[in-house]
Amino acid sequence: MVVKVYGPAYASPKRVLLCLVEKEIEFETVPVDLLAGENLTPDFLKLQPFGSLPVIQDGDYTLFESRAIIRYYAEKYKSQGTDLLGKTIEDQGLVNQWLEVEAHNYHPPLNNLVLHIMFNGHFGIVRNEQVIKESEEKLGKVLDVYEDRLSKSKYLAGDFFSLADLSHLPFTNYLVGPVGKGYMIKERKHVSAWWDDISTRPSWLKVLEICK
Amino acid sequence: MVVKVYGPIKAACPQRVLACLLELGVDFELIGVDLDSNEHKQPGFLQKQPFGQVPVVEDEDFRLFESRAIIRYYATKYGDKNRKLYGTTLEEKALVDQWLEVEAHHFNDMVYTIVLQKLVIPKMGGKTDHDLVQNCEKKLEQVFDIYEQRLSKSSHLAGDWFTLADLSHLPGIRYLVNECELSHMVRDRKNVNLWWNDISNRPAWKKVMQLFHELS
């Protein structure tokens, strides 16, 4: 029985798809149309009570929150596909540290840019130039810390590609694409090299292909 | 060598780490960081935590930041002291992670904004954005409604025992029922109320509160 992943059109579910591809785990996707409010139907809310994406079903096991899902599959299939957790518990500690950095420092300002620039007029968002300006400034400061980190380490948690790097792909893809702020990545030498590396991984290109 | 925890006892994120270390019986030394004088933005601290945030831990030559990464690390390292804290199977562990993520993204953001607007900004001479506070309170009520539903099916968030997911809520709910004067959000919900009474009366959390009162 294959893993069902809900909401492949959106960014957060792509974290999960990418992890499953890296770990060579079979899956199928179930579309959910956020603009039509399909995430707010009683049936969907039974699966994910916050109405958020993604959620997965693996037999009779249901799990939500993309960063919980990727931790689960990275560990359950540790000996298969890419090792996304590192070898020691200290390695895993650093992977979790940079996953938390992505979640709390990187994602919020980037998500504001995505919502105000790409989803203006939807989900109650009205484009606000002040929010865009402040979010870009905040994200810039975070990227400056990344620039320093990546000048000392090939990937965020160390010399191996991990869940921490993986977690950045979907929304950063928006940043360099439809959000139109790729210069934030390009202008930082080490961040740029890191982005060129991770965004050309065959697994990521496969996810983009699947979700076309 | 004891684990060094850098951060003020009055801040939520260091409290999260201390609660976990106390649950596991891991000795620590708390080294205060004075947020009021911007100590966390000085070069000395930024070398430890480049985002200028608390807490950060130093354990011999291993350094780690982000409180939810730190508690996962110690719950794993000392798993034999409390197997259930981070799940006894991978599926249980993933449910702990799921509710830890819920706390981090749906719950924490609201509490953080309410605390910032109602407590921190006025203290710094600024003006509270009451519309924003009202908006956050409304969203938080919706989150608590979901918790009420969840806790009608199991005594704790990730199952029928205390885990990191419940622990992670302790500092935030403490703020809500005290300085933020929003205890009705807990008290008005039967299952949330039972759950809060259970988790906030654990010896480890009571010890954190004792340190909080001694050192504040």
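Chain letters run A, B, ... following the sequence lines, proteins first, then strands; residues in each count from 1.
- Only the side chain of B/Phe62 comes within contact range of chain A, with at least one heavy atom under 4.5 Å from a heavy atom of that chain.
- When the candidates A/Val142, A/Leu99, A/Leu45, A/Leu94 are compared by the number of heavy-atom contacts under 4.5 Å with chain B, A/Leu94 comes out ahead.
- The parts of A/Val101 that come within reach of chain B are both its backbone and its side chain, each placing non-hydrogen atoms under 4.5 angstrom from that chain.
- Side-chain contact between B/Leu119 and B/Ile114 is absent, with no heavy-atom pair separated by less than 4.5 Å.
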Check the pair A/Phe64, A/Leu53 against side-chain contact (heavy atoms from CB on, under 4.5 Å), reporting the backbone distance first and the verdict last. CA-CA 8 Å; A/Phe64 52 85; A/Leu53 289 172; over 6 Å; no

Given the rule in the salt bridge (Lys or Arg N to Asp or Glu O under 4.0 Å) test, do B/Asp160 and B/Lys84 qualify, once you have shown the distances and angles that lead to the verdict? CA-CA 10 Å; B/Asp160 284 320; B/Lys84 288 185 162 177; over 6 Å; no

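- A/Ile117 contributes atom CD1, which lies 8.5 Å from atom CG of A/Leu175 (distance to the nearest 0.5 angstrom).
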Cross-chain donor-acceptor list, chain B x chain A, under 3.5 angstrom:
| residue | atom | partner | partner atom | Å |
| --- | --- | --- | --- | --- |
| B/Gln53 | OE1 | A/Asn105 | ND2 | 3.3 |
| B/Phe65 | N | A/Gln97 | OE1 | 2.8 |
| B/Arg68 | NH1 | A/His104 | NE2 | 3.4 |
| B/Arg72 | NH1 | A/Glu100 | OE2 | 3.0 |
| B/Tyr73 | OH | A/Glu90 | OE2 | 2.5 |
| B/Glu91 | O | A/Tyr61 | OH | 2.7 |
| B/Glu91 | OE2 | A/Tyr72 | OH | 2.5 |
| B/Glu91 | OE2 | A/Lys76 | NZ | 3.1 |
| B/Lys93 | NZ | A/Glu75 | OE1 | 2.7 |
| B/Lys93 | NZ | A/Glu75 | OE2 | 3.4 |
| B/Gln98 | OE1 | A/Phe64 | N | 2.9 |
| B/Glu101 | OE2 | A/Arg71 | NH1 | 2.8 |
| B/His105 | NE2 | A/Arg67 | NH1 | 3.4 |
| B/His106 | NE2 | A/Glu65 | OE2 | 3.3 |

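- Contact of B/Ile146 with chain A is made through the side chain alone, with heavy-atom distances under 4.5 Å.
- Taking CG from A/Leu17 and CZ from A/Phe27, the interatomic distance works out to 5.0 Å, rounded to the nearest 0.5 Å.
- Neither the backbone nor the side chain of B/Leu46 comes within contact range of chain A; no heavy atoms are under 4.5 Å apart.
- The CG atom of B/Leu164 lies 5.5 Å from the CG atom of B/Leu100; values are rounded to the nearest 0.5 Å.
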Using residues 17-25 of chain B as the side-chain source, report each donor-acceptor pair under 3.5 Å to any protein atom, sequence neighbours left out, with the distance given to one decimal.
| residue | atom | partner | partner atom | Å |
| --- | --- | --- | --- | --- |
| B/Glu23 | OE1 | B/Arg202 | NH2 | 2.9 |
| B/Glu23 | OE2 | B/Arg202 | NE | 2.8 |

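- The main-chain N or O of B/Lys118 is never found under 3.5 Å from a side-chain atom of B/Thr128 such that the two would form a donor-acceptor pair.
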